[in-house]
Amino acid sequence: MRLTRVISPEQGLDPFLLLDEFDSSSAGDYIAGFPSHPHRGFETVTYMLDGHMLHEDHLGNRGDLTPGAVQWMTAGRGIIHSEMPRQAAGRMRGFQLWINLAAKEKMQAARYRDLVPAEIPEVALEGSRVRVVAGGFEPLAPRAAAVKGPVGDGTTAPLYLDANLDAGATLTIATPPGHRVLAYAFEGAPTVAGRALAKGQLAILGDGSSLVLSAGATAARVLVIGGKPLGERVVHYGPFVMNSEAEIRQAISDYQSGKLTAAA
Ligand code: FE
């Protein structure tokens, strides 16, 4: 699958490990999909914007990822899954985010949440529409009631918003102090916290309690992600993210002996 890596593990954007964007209308770029592979120690969040993928895992979960759907997968001690395209033509577009788990959560049982588009609240404000995947969305200007997304648990207390801004619109949102907050411009050329971004640019924000997003002369769309940094050692090896080399060796050995997904 052809991907654009927006965030890589080497950047140390604790608790975020990776953000990939995929966007292609040529089947050759996505038809191979992601055949069966393992994960341990973190969460993967897939957000589909266009296209159709089928997810299946060793727990028997099966989910259709259609436009606007989210798959929130907490690998915990181990999951083996696949994500394969269910289309042979047309546009495939979306994101995959990896969020680290705290040491005490890495060996929990795997958990899978398939969120269909209707389960994700969309808040309509003057000049903007915001889909709330995770955490609490609190609009400060225009001011409106806070809305909680369907995901909100875990040490990292993730925030995941898809903000659609009309041309000329400005939106100020509350952000949790102490969280790492990132904003990725994926349509248009928005201004984020006073800095003009081009499409495909990521803003790494300083600590604060609010964030101002503005569209320019054209409409813009911004992915806003936030999470509480864990401040723990990160050892990443392929599909495993643990706190020590010994735990990585254990993950590889568990996978090879078929114990990755065995009950604790
Ligand atoms: Fe995966």
Side-chain angles (χ1 to χ4, degrees), residues 1-11 13 15-24 29-87 92-102 105-116 133-134 150-151 154 156 158 160 184 223 225 227 234-243 247-248 250-256 258-262:
M1 188 124 165
R2 220 181 96 195
L3 303 163
T4 302
R5 184 135 300 171
V6 180
I7 294 173
S8 59
E10 299 69 38
Q11 285 173 278
L13 294 172
F16 301 110
L17 300 161
L18 174 151
L19 177 65
D20 282 337
E21 180 180 28
F22 48 95
D23 183 8
S24 178
D29 286 339
Y30 58 73
I31 207 73
F34 299 96
S36 190
H37 60 278
H39 292 294
R40 173 177 280 180
F42 58 103
E43 300 188 278
T44 71
V45 182
T46 307
Y47 182 28
M48 284 299 280
L49 297 170
D50 291 287
H52 189 182
M53 301 259 279
L54 174 70
H55 166 268
E56 290 180 286
D57 67 30
H58 79 279
L59 297 169
N61 294 306
R62 211 177 135 91
D64 265 322
L65 280 157
T66 57
V70 169
Q71 174 202 285
W72 198 289
M73 210 269 304
T74 306
R77 61 177 292 113
I79 200 154
I80 296 173
H81 74 161
S82 65
E83 290 148 296
M84 299 301 289
R86 300 214 79 188
Q87 65 188 41
M92 177 81 77
R93 179 169 73 134
F95 293 100
Q96 186 170 87
L97 175 69
W98 289 15
I99 309 174
N100 206 359
L101 285 169
E105 296 164 338
K106 283 185 182 290
M107 295 300 277
Q108 71 184 67
R111 182 174 176 202
Y112 170 78
R113 281 165 283 188
D114 183 32
L115 305 168
V116 300
V133 174
V151 177
T156 59
Y160 193 117
Y184 181 65
L223 199 70
I225 56 177
V234 177
V235 183
H236 169 222
Y237 181 80
F240 309 125
V241 181
M242 303 302 291
N243 301 108
E247 289 169 347
I248 290 290
Q250 187 66 52
I252 295 167
S253 137
D254 284 353
Y255 179 51
Q256 287 169 345
K259 287 193 294 192
L260 188 84
T261 57

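As the structure lists them, so they are numbered: ligands from 1, and atoms in each ligand from 1.
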* Asked: Please walk me through it: do Leu260 and Phe240 pass side-chain contact (heavy atoms from CB on, under 4.5 Å)?
  -> CA-CA 11 Å; Leu260 188 84; Phe240 309 125; 3.9 Å; yes
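- Between Phe34 and His81, a ring centre-to-centre spacing not shorter than 6.0 Å is recorded.
- The backbone N or O of His52 lies less than 3.5 Å from a partner atom in the side chain of Gln87, making a donor-acceptor pair.
- For Asp29, the salt bridge (Lys or Arg N to Asp or Glu O under 4.0 Å) criterion is met by Arg2, not counting sequence neighbours.
- In this structure, Tyr30 has no ring pair (Phe, Tyr, Trp, His ring centres under 6.0 Å) partners at least two apart in sequence or on a different chain.
- Sorted by first and then second residue, the salt bridge (charged side-chain N to carboxylate O under 4.0 Å, His left out) pairs with a member in residues 32-41 read Arg40-Asp254; sequence neighbours excluded.
- Around the Fe ion (ligand 1), the protein contributes the following N, O or S atoms at distances under 2.8 Å: His37 NE2, His39 NE2, His81 NE2.
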